Amino acid sequence: MKKNILIIPGDGIGQEVTTWGKQVLEAVAQKYNHEFVFDEAIMGHTAIEATGDPLPEETLEKAKASDAILFGAIGHAKYDNDPSAKVRPEQGLLKIRKELGLYANLRPILLFDELLDASSLKPEVLRGTDILFFRELTGDVYFGEKKRNEDNTFASDLMNYHRYEVERIARKAYDAARTRNRKLCSVDKANVLETSRLWREVVQEIAQEYPDVETEHMFIDNAAMQLVKNPKKFDVVLTANLFGDILTDEASQIAGSMGMLASASIGDGTGFFEPIHGSAHDIAGQNKANPLASILSAALMLDIAFGLQEEAKLVTTAVAETLKAGWRTGDIANAETASDKMLGTNEMGAKVLEFIK
Ligand SMILES: NC(=O)C1=CN([C@@H]2O[C@H](COP(=O)(O)OP(=O)(O)OC[C@H]3O[C@@H](n4cnc5c(N)ncnc54)[C@H](O)[C@@H]3O)[C@@H](O)[C@H]2O)C=CC1
Ligand SMILES: CC(C)CC(=O)C(=O)O
Ligand SMILES: [Mg+2]
């Protein structure tokens with residue numbers, strides 16, 4: 001199988017971990033005799049520094065022409081600490097999501113039993129948790145009109161949804177629920193927000209088409225609490241952009257670390273695969289970042305973009321075997337982790353490759 005894959009490392013640890021996501025794809029191509037043709041492009045702070053634009057036209061054109069994209073992360077502390085910055089790395093990520101029509105962001109919370117002790121939650125609370133988040137990704141307050149008044153004493157962000165935006169992701173979430181435990185929890189703030197009342201109304205309508213799937217509606221504050229109280233209760237979680245962004249970082253602690261969660265952003269065209277984490281200024285450039293989220297994002301690409309389920313399974317099994325052998329990066333180590341089993345980004349990525357080759 002020949003596929004054109006665009007690598008967008010981005011900024012900070014995005015550059016460090018994507019190296020290993022790409023090498024895993026290269027190893028799989030060699031083992032299964034696929035022809036993966038790689039190209040690379042810039043985005044985020046790196047792109048601003050080079051071109052002034054967080055999403056250069058060349059990057060967008062390459063993305064549109066590719067079969068799938070493996071992305072790292074964007075971000076830089078200088079913008080985080082400058083609320084008045086007009087050009088930001090995050091604009092590049094939001095724009096490419098909109099331009100590629102990536103309205104459905106799938107975030108599987110994949111819990112490896114070897115990491116039950118990496119979480120701050122009790123093993124008996126965690127064991128058996130398996131959640132798939134569907135986060136709407138091209139609507140909501142991220143794409144609404146932003147305003148400030150003249151004397152800088154007032155700012156506003158418009159939160160908005162169109163009916164069709166809710167319908168299309170709800171159907172994808174319900175279809176997925178049919179392949180899992182047939183339970184779907186839609187999370188909103190319908191007791192306060194008009195956008196959430198539309199959200200819940202539309203999901204209630206779509207639910208009629210899926211009588212075989214158990215539907216629950218939950219307010220976001222309750223959901224955030226239930227996620228740590230009893231994560232096993234959830235199967236498919238469907239929610240809006242902002243709520244999904246927040247809930248999935250919280251859910252990373254079920255899997256043991258932000259460095260463990262992969263994601264797939266899909267619409268009706270090219271798929272975009274990335275860790276859920278950011279550029280992690282606090283550990284960037286120190287060979288500390290966990291590369292497994294990028295490697296597991298590559299596995300999602302093999303499965304979802306290319307239909308290569310066997311190859312995807314090989315990658316997730318290689319990650320499991322690496323963890324079973326006791327290898328850990330700092331974020332998923334615990335008091336019992338032997339010092340000779342502690343690895344940096346590059347050593348951890350190399351270990352996974354050993355289990356693939
Ligand atoms: N998809 C993207 O490109 C995202 C970009 N960002 C950007 O990233 C920058 C940093 O944002 P933060 O809020 O600090 O979020 P972050 O996700 O970069 O880091 C949050 C915490 O998780 C840890 N962490 C993240 N990835 C890790 C990994 N692979 N291995 C080990 N530890 C890991 C970090 O060290 C940090 O303590 C900001 O500029 C933000 O805008 C944030 C989230 C997603
Ligand atoms: C620029 C942000 C929306 C990135 C982020 O937090 C995410 O996609 O999870
Ligand atoms: Mg986020």
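Numbers here are sequence positions counted from 1. Worth saying up front: this structure is predicted, and the values here are computed from it rather than measured. Excluded from the calculations below are hydrogen atoms, water molecules and symmetry mates; all remaining heavy atoms, backbone and side chain alike, are included. Order of appearance sets the numbers: ligands from 1, and atoms from 1 within every ligand.
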Checklist entry - Do Asp140 side-chain atoms and Leu242 backbone N/O form a donor-acceptor pair below 3.5 Å? => result yes
Checklist entry - So, Lys3 side chain and Ala68 main chain: donor-acceptor pair closer than 3.5 Å or not? => result no
Checklist entry - Partners of Phe355 by ring pair (Phe, Tyr, Trp, His ring centres under 6.0 Å), sequence neighbours excluded? => result none
Taking atom types as modelled, find out whether [X] and [Y] have a side-chain donor-acceptor pair closer than 3.5 angstrom.
X      : Y      : result
Glu136 : Thr138 : yes
Trp20  : Thr345 : no
Asn346 : Asn287 : yes

Considering only non-hydrogen protein atoms, determine which one is nearest to [atom] and report residue, atom name and distance to 0.1 Å.
atom                   : result
atom 4 (C) of ligand 2 : Leu93 CD2, 4.0 Å
atom 5 (C) of ligand 2 : Asp245 OD1, 3.7 Å
atom 8 (O) of ligand 2 : Arg97 NH2, 2.8 Å

Please determine whether a side-chain nitrogen of the Lys or Arg among [X] and [Y] lies less than 4.0 Å from a carboxylate oxygen of the Asp or Glu.
X      : Y      : answer
Lys64  : Glu99  : yes
Lys189 : Asp221 : yes
Arg135 : Asp245 : yes

Show me which atoms of ligand 2 lie under 4.0 Å from any heavy atom of [X].
X      : value
Glu90  : 1 (C)
Arg107 : 7 (C), 8 (O), 9 (O)
Tyr142 : 3 (C)

Item to check | Per-residue contact class, Arg88 against ligand 2 - non-hydrogen pairs under 4.0 Å | outcome: neither
Next on the checklist: Cation-pi check for Phe143 against Lys98: NZ or CZ below 6.0 Å from the six-membered ring centre and within 45 degrees of the axis, yes or no?
Outcome noted: yes
Note every protein N or O atom lying under 3.5 Å from an N or O atom of ligand 1, pairing the names and giving the distance.
{"residue": "ligand 1", "atom": "1 (N)", "partner": "Glu274", "partner atom": "OE1", "Å": "3.1"}
{"residue": "ligand 1", "atom": "3 (O)", "partner": "Ile74", "partner atom": "N", "Å": "2.9"}
{"residue": "ligand 1", "atom": "8 (O)", "partner": "Ile74", "partner atom": "O", "Å": "3.4"}
{"residue": "ligand 1", "atom": "8 (O)", "partner": "Ser279", "partner atom": "N", "Å": "3.1"}
{"residue": "ligand 1", "atom": "8 (O)", "partner": "Ser279", "partner atom": "OG", "Å": "3.3"}
{"residue": "ligand 1", "atom": "17 (O)", "partner": "Gly278", "partner atom": "N", "Å": "2.8"}
{"residue": "ligand 1", "atom": "18 (O)", "partner": "Gly278", "partner atom": "N", "Å": "3.3"}
{"residue": "ligand 1", "atom": "18 (O)", "partner": "Ser279", "partner atom": "N", "Å": "3.4"}
{"residue": "ligand 1", "atom": "18 (O)", "partner": "Ala280", "partner atom": "N", "Å": "2.8"}
{"residue": "ligand 1", "atom": "29 (N)", "partner": "His277", "partner atom": "NE2", "Å": "3.2"}
{"residue": "ligand 1", "atom": "29 (N)", "partner": "Asn290", "partner atom": "O", "Å": "3.0"}
{"residue": "ligand 1", "atom": "30 (N)", "partner": "Asn290", "partner atom": "N", "Å": "2.9"}
{"residue": "ligand 1", "atom": "35 (O)", "partner": "Asp282", "partner atom": "OD1", "Å": "2.9"}
{"residue": "ligand 1", "atom": "35 (O)", "partner": "Asp282", "partner atom": "OD2", "Å": "3.0"}
{"residue": "ligand 1", "atom": "37 (O)", "partner": "Asp282", "partner atom": "OD2", "Å": "2.9"}
{"residue": "ligand 1", "atom": "39 (O)", "partner": "Asp80", "partner atom": "OD1", "Å": "3.0"}
{"residue": "ligand 1", "atom": "39 (O)", "partner": "Asp80", "partner atom": "OD2", "Å": "3.1"}
{"residue": "ligand 1", "atom": "39 (O)", "partner": "Glu90", "partner atom": "OE2", "Å": "3.4"}
{"residue": "ligand 1", "atom": "39 (O)", "partner": "His281", "partner atom": "NE2", "Å": "3.4"}
{"residue": "ligand 1", "atom": "41 (O)", "partner": "Glu90", "partner atom": "OE2", "Å": "2.5"}

Item to check | Aromatic plane relationship, His34 with Tyr32 - under 30° parallel, 30 to 60° tilted, over 60° perpendicular | outcome: parallel
Next on the checklist: Tell me whether the rings of His45 and Tyr79 are parallel (<30°), tilted (30 to 60°) or perpendicular (>60°).
Outcome noted: perpendicular
Next on the checklist: Enumerate the ring-ring contact (aromatic ring centres under 6.0 Å, His included) contacts for residues 238-286, please, sequence neighbours excluded, ordered by first and then second residue.
Outcome noted: Phe71-Phe272
Checklist outcome for this item: Atoms listed for the Mg ion (ligand 3) (protein only, N, O or S, under 2.8 Å, no waters) are Asp245 OD1
Next on the checklist: Under 4.0 Å, counting heavy atoms only: does His277 come that close to any atom of ligand 2?
Outcome noted: no
